[in-house]
Structures are given as C-alpha cells and as structure tokens.
**Q** 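Take a look at the following structure, please.
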Amino acid sequence: MGEGLYWSRDGRTAYAEPFDHLSPEDEPLWRDAYDDLIGAIRQCLGRNWQPIGHLWRRTGERIVARNDLHEVWLVEDSYARVHVTFGLREGLDALDPLARHWLDGEPDAANAAAFFDRLQQSTALRVRTGPWTSAPREIQRASA
C-alpha cells in the first residue's frame with residue numbers, strides 16, 4: 001500500500017504537486033518550486049499575516065505564515081506532494097473556540113475556504129476523499 005494523505009484535525013488541507021514536472025535529480029529546481037509555492041501562499045493571505053521563516057509545529061509540519069488565530073503549514077510526502085493546511089495556531093488555549101469558529105467562518109471572511117479559493121487561482125489543488133484517495137478541489141464560493 002502507499003503513504004496515506006496528510007490530515008489534521010486542527011485545520012483544512014489541500015495539496016499541490018509543484019514538482020510533478022521536475023526530475024527528482026534536479027534538487028535546485030525542486031527548491032525553487034517549493035519557494036514559489038510558499039510565495040503564492042503568502043500572496044493569498046491578508047495584511048495581518050506574518051511570514052514565518054523556519055518554524056515547525058511537529059516533525060515535518062513547516063509553518064510558513066501565521067496571524068493571531070491561524071497558521072498555514074506545509075507537509076511534504078514521499079509522492080512529491082505538498083500538503084497545505086490552513087489551521088489553528090498552536091497554544092491558543094482560551095482563544096481556541098474563536099479560532100475554530102473562524103476556521104470555516106462566514107463565506108466572505110478570511111477563512112480556510114477563501115484562502116484555498118485564492119490559492120487555487122495559481123496552483124492546482126487536490127483534496128483528500130479517503131486515506132489514500134483524492135480528487136481535484138472545487139471552488140467553494142463565488143468570486144467577488
């Protein structure tokens with residue numbers, strides 16, 4: 001069987017395949033593609049988000065941006081996918097219920113679906129349909 005698709009109870013995840021057209025031996029191009037994905041992610045976030053350099057949640061979960069309630073983190077897998085998660089910022093304690101509410105929030109709010117809708121304009125995204133299966137992500141809301 002293969003490696004299952006990443007899932008977090010503390011966020012919403014879609015995945016990109018920025019390396020699918022690259023040779024596995026060409027590491028500099030892989031790093032460039034990864035950096036381009038991070039740049040696209042950061043452009044999809046509002047002014048109240050701070051870019052994060054090298055900070056990790058757990059093993060393999062690299063935080064690339066955060067605001068007061070949420071973080072965006074990346075997990076790479078052995079199938080050259082990058083799982084992008086918009087989720088709860090760690091250590092919120094009393095603010096956790098508020099962050100959970102706004103994770104899905106109102107349709108026009110800066111929530112997970114709106115973030116992935118913006119990211120999907122520049123990057124093809126897929127979503128988990130089961131532990132080992134996925135499908136192309138569909139836009140969740142109408143564009144303003």
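Here, residue 1 is the first one in the sequence, and each next residue gets the next number. Bear in mind the structure is a predicted one, so any value in this text is a computation, not a measurement.
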**Q** Closest approach of Trp73 and Ser8, non-hydrogen atoms and distance?
**A** CZ2-OG, 3.7 Å

**Q** Is the backbone of Leu119 close enough, under 3.5 Å, to the side chain of Ser122 for a donor and an acceptor to pair up by distance?
**A** yes

**Q** Might you point out which heavy atoms bring Ala14 and Arg137 nearest each other, and give the distance in Å?
**A** CB-CD, 4.3 Å

**Q** Compare all side-chain heavy atoms of Asp68 with those of Asn48 and state whether any distance is below 4.5 angstrom.
**A**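 Sidechains of Asn48 and Asp68: no contact.
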
**Q** Tell me whether the count of non-hydrogen atoms from other residues, nucleotides or ligands lying under 6.0 Å of CG in Asp36 goes above 12.
**A** yes

**Q** According to a 4.5 Å side-chain heavy-atom criterion applied to Ile, Leu, Val, Met, Phe, Trp and Tyr, with indirect links allowed, do Trp7 and Phe86 form part of one hydrophobic cluster?
**A** no

**Q** Quick one: closest heavy-atom pair of Leu103 and Gly11, and the distance?
**A** CD2-CA, 4.1 Å

**Q** Spell out, yes or no, whether Ile63 and Leu37 are grouped together once hydrophobic residues are joined by side-chain heavy atoms under 4.5 Å, including indirect joins.
**A** no

**Q** Please name the pair of heavy atoms, one in Arg100 and one in Asp10, separated by the smallest distance, quoted to 0.1 Å.
**A** NH2-OD1, 2.8 Å

**Q** Determine which pairs satisfy side chain to side chain donor-acceptor pair (under 3.5 Å) with at least one residue from residues 14-26, sequence neighbours left out, and list them in order.
**A** Tyr15-Arg126, Tyr15-Ser134, Ser23-Glu25

**Q** Do Asp77 and Tyr6 come close enough that some side-chain heavy atom pair is under 4.5 Å?
**A** no

**Q** Considering non-hydrogen atoms only, spot the tightest contact between His83 and Leu5 and give its length.
**A**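 Distance-wise, the nearest heavy atoms are CE1-CD2, 3.7 Å.
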
**Q** Strictly below 4.0 Å, N to O, side chains only: are Glu90 and Arg66 in salt-bridge contact?
**A** no

**Q** On the 0 to 90° scale, with breaks at 30° and 60°, tag the Trp30-Phe19 ring pair as parallel, tilted or perpendicular.
**A** parallel

**Q** Can you name the ring pair (Phe, Tyr, Trp, His ring centres under 6.0 Å) partners of Phe116, sequence neighbours left out?
**A** none

**Q** Grouping I, L, V, M, F, W and Y whenever their side-chain heavy atoms are under 4.5 Å apart, do Ile41 and Leu125 come out in a common cluster?
**A**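 Ile41 clusters together with Leu125.
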
**Q** Ignoring hydrogens and angles, tell me if any N or O in the side chain of Arg42 forms a donor-acceptor pair with the backbone of Val64 under 3.5 Å.
**A** yes

**Q** Just so I know, are the side chains of Asn111 and Arg12 near enough to count as touching, which here means a heavy-atom distance under 4.5 Å?
**A**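 The answer is no, as the side chains (C-beta and beyond) never meet within the 4.5 Å cut-off.
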
**Q** Listed by chain and number, what are the salt bridge (Lys or Arg N to Asp or Glu O under 4.0 Å) partners of Arg31, not counting sequence neighbours?
**A**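 With sequence neighbours excluded, Arg31 shows a salt bridge (Lys or Arg N to Asp or Glu O under 4.0 Å) to Glu76, given in chain and number order.
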
**Q** For Thr85, run the side-chain contact (heavy atoms from CB on, under 4.5 Å) check against Thr13, Val72, Leu74 and tell me which one passes.
**A**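 The single option meeting the side-chain contact (heavy atoms from CB on, under 4.5 Å) with Thr85 is Thr13.
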
**Q** Which heavy atom in Leu69 sits nearest to a heavy atom in Asn67, and how many Å separate them?
**A**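 Looks like N-OD1, 2.8 Å.
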
**Q** To the closest 0.5 Å, what do you measure between CD (Glu71) and CG (Leu88)?
**A** 9.0 Å

**Q** According to a 4.5 Å side-chain heavy-atom criterion applied to Ile, Leu, Val, Met, Phe, Trp and Tyr, with indirect links allowed, do Ile38 and Ile52 form part of one hydrophobic cluster?
**A**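 Ile38 does not cluster with Ile52.
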
**Q** Check whether any side-chain heavy atom of Arg62 lies under 4.5 Å from a side-chain heavy atom of Trp56, and answer yes or no.
**A** yes

**Q** Using 30° and 60° as the class limits, which term best fits the ring planes of His70 and Trp49: parallel, tilted or perpendicular?
**A**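 Rings of His70 and Trp49: parallel, under 30°.
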
